[in-house]
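Single-structure report; data block below.
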Amino acid sequence: MPAPCPDRALPDSFFDRDAQTLARELLGKVIRHRQGELWLAARIIETEAYYLTDKGSHASLGYTEKRKALFLDGGHIYMYYARGGDSLNFSAKGPGNAVLIKSAYPFTDALSDSNSLAQMQLNNPDASGKLRPPERLCNGQTLLCRAMGLKVPDWDAQRFDHARLYVEDCGLAVPRVIQAARLGIPHGRDEHLPYRFVDAQYARFCTRNPLRRGQVEGRDFVILEQGN
């Protein structure tokens, strides 16, 4: 098996930035998680930013031992249960600020090959027990964690461990980003804030396509040109 490339792993300092900036910069980065002898991998295609002062954030409810990762330095892992599954977040700059990894797309290369993809499919079968197609494996925060084998008890409030879990810059370009309101925020909890970011190349594979019929640019979303 090829060795992982820790020199391309994002340092903790990468995460020590404004949550919205981090949410955008994480698009196109690759999460790698070791399961047995395999490195499972997924390209981040959708993120959401959260702030301490934002009523939709967990941190706005106050500090608790369970939420302590949100109040630690950038680059700590915050995991919680949502709708019966695990969710993955990274702390950003400033107490209570973080980014939720909303969805991803399976990534294969010499390190994370077809065997890794097959393991992800075994990790995350559909409701009937059948294998999901690759494009449906990680299109949601709990589906992502299930496919990647990421569990709350293993990683909540931890730092990255390059022998088991890290986020890598593989040089994947994200020329256009779609910015829109976050999903699933209750009414009156700052649901209008445009803190959701989607890699436009993968819009149809994210949790909910921001370019679906009925959505109007300038009203429901804006497109940000990255220049790369």
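Screening residues 104-119 for salt bridge (charged side-chain N to carboxylate O under 4.0 Å, His left out) gives Arg32-Asp109 as the qualifying pairs, with residues at least two apart or on separate chains. A salt bridge (charged side-chain N to carboxylate O under 4.0 Å, His left out) check over residues 56-73, counting only residues at least two apart or in different chains, returns the pairs Glu65-Lys68, Lys66-Asp156. Annotation: side-chain hydrogen bond (donor to acceptor under 3.5 Å, both in side chains) contacts involving residues 205-217, sequence neighbours excluded, comprise Glu46-Thr207. Listed by first and then second residue, the side-chain hydrogen bond (donor to acceptor under 3.5 Å, both in side chains) pairs that reach into residues 177-187 are Asp54-Arg182, His187-Glu191, sequence neighbours excluded.
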Item to check | Candidate pair Phe90 and Ile77, rule side-chain contact (heavy atoms from CB on, under 4.5 Å), full reasoning | outcome: CA-CA 5 Å; Phe90 305 138; Ile77 299 164; 4.3 Å; yes
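The pair Arg43-Asp199 meets the salt-bridge criterion, since a charged nitrogen lies less than 4.0 angstrom from a carboxylate oxygen. With respect to Arg176 and Glu225, a salt bridge is recorded, a charged nitrogen being found less than 4.0 Å from a carboxylate O.
Taking the side chain as every heavy atom from C-beta outward, Gln201 and Pro175 approach each other to under 4.5 Å. A 4.5 Å side-chain heavy-atom check between Phe14 and Asp169 finds every atom pair outside the cut-off. Side-chain atoms of Leu193 and Ile185, non-hydrogen and from C-beta on, never get closer than 4.5 Å to each other.
Taking the six-membered ring for Trp, Phe15 and Phe160 have ring centres closer than 6.0 Å.
Counting all heavy atoms, side chain and backbone alike, Pro210 lies closest to Phe221 at O-CD2, 3.5 Å. Smallest separation of non-hydrogen atoms from Arg196 and Ala181: CD-O, 3.4 Å. For Ala203 against Leu211, the heavy-atom pair with the smallest separation is CB-CD1, 4.1 Å. Across Leu26 and Ile44, no two heavy atoms sit closer than the pair O-CB, 3.5 Å. In this structure, Val174 and Gly28 approach most closely via the heavy-atom pair CG2-CA, 3.7 Å. Across all their heavy atoms, Phe197 and Leu27 have their closest contact at O-CD2, 3.8 Å.
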Please tabulate, one pair per line, all N/O donor-acceptor pairs under 3.5 Å involving side-chain atoms of residues 92-99, not counting sequence neighbours.
unit_1	atom_1	unit_2	atom_2	d
Asn97	OD1	Leu52	N	2.9
Asn97	ND2	Lys93	O	2.9

Donor-acceptor contacts under 3.5 Å from residues 137-150 side chains, at least two apart:
unit_1	atom_1	unit_2	atom_2	d
Gln141	OE1	Lys102	NZ	2.8
Gln141	NE2	Tyr80	OH	3.4
Gln141	NE2	Ser87	OG	2.9
Arg146	NH1	Asn124	OD1	3.2

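By the salt bridge (charged side-chain N to carboxylate O under 4.0 Å, His left out) test, Arg204 is found to be paired with no residue, residues two or more places apart in sequence or in another chain being considered. In this view, Asp18 and Tyr51 satisfy the side chain to side chain donor-acceptor pair (under 3.5 Å) rule, not counting sequence neighbours. Taking the side chain to side chain donor-acceptor pair (under 3.5 Å) definition, one finds that Ser114 meets it with nothing, sequence neighbours left out. Partners of Tyr63 under the ring-ring contact (aromatic ring centres under 6.0 Å, His included) rule, at least two apart in sequence or in another chain, are Phe71. For Ser57, there are no side chain to side chain donor-acceptor pair (under 3.5 Å) partners, not counting sequence neighbours.
The 12-atom threshold is not exceeded at CZ of Arg136, counting heavy atoms of other residues, nucleotides or ligands nearer than 6.0 Å.
Counting only distance, with no hydrogens or angles, the side chain of Glu48 and the backbone of Leu183 share a donor-acceptor pair below 3.5 Å.
When only modelled atom types and interatomic distance are considered, Gln119 and Asn115 share no side-chain donor-acceptor pair under 3.5 Å.
Interatomic distance, Lys151 NZ to Met79 CE, rounded to the nearest 0.5 Å: 8.5 Å.
Phe205 forms part of a hydrophobic cluster together with Ile45, Tyr105, Tyr202, judged by ILVMFWY side-chain heavy-atom separations under 4.5 Å.
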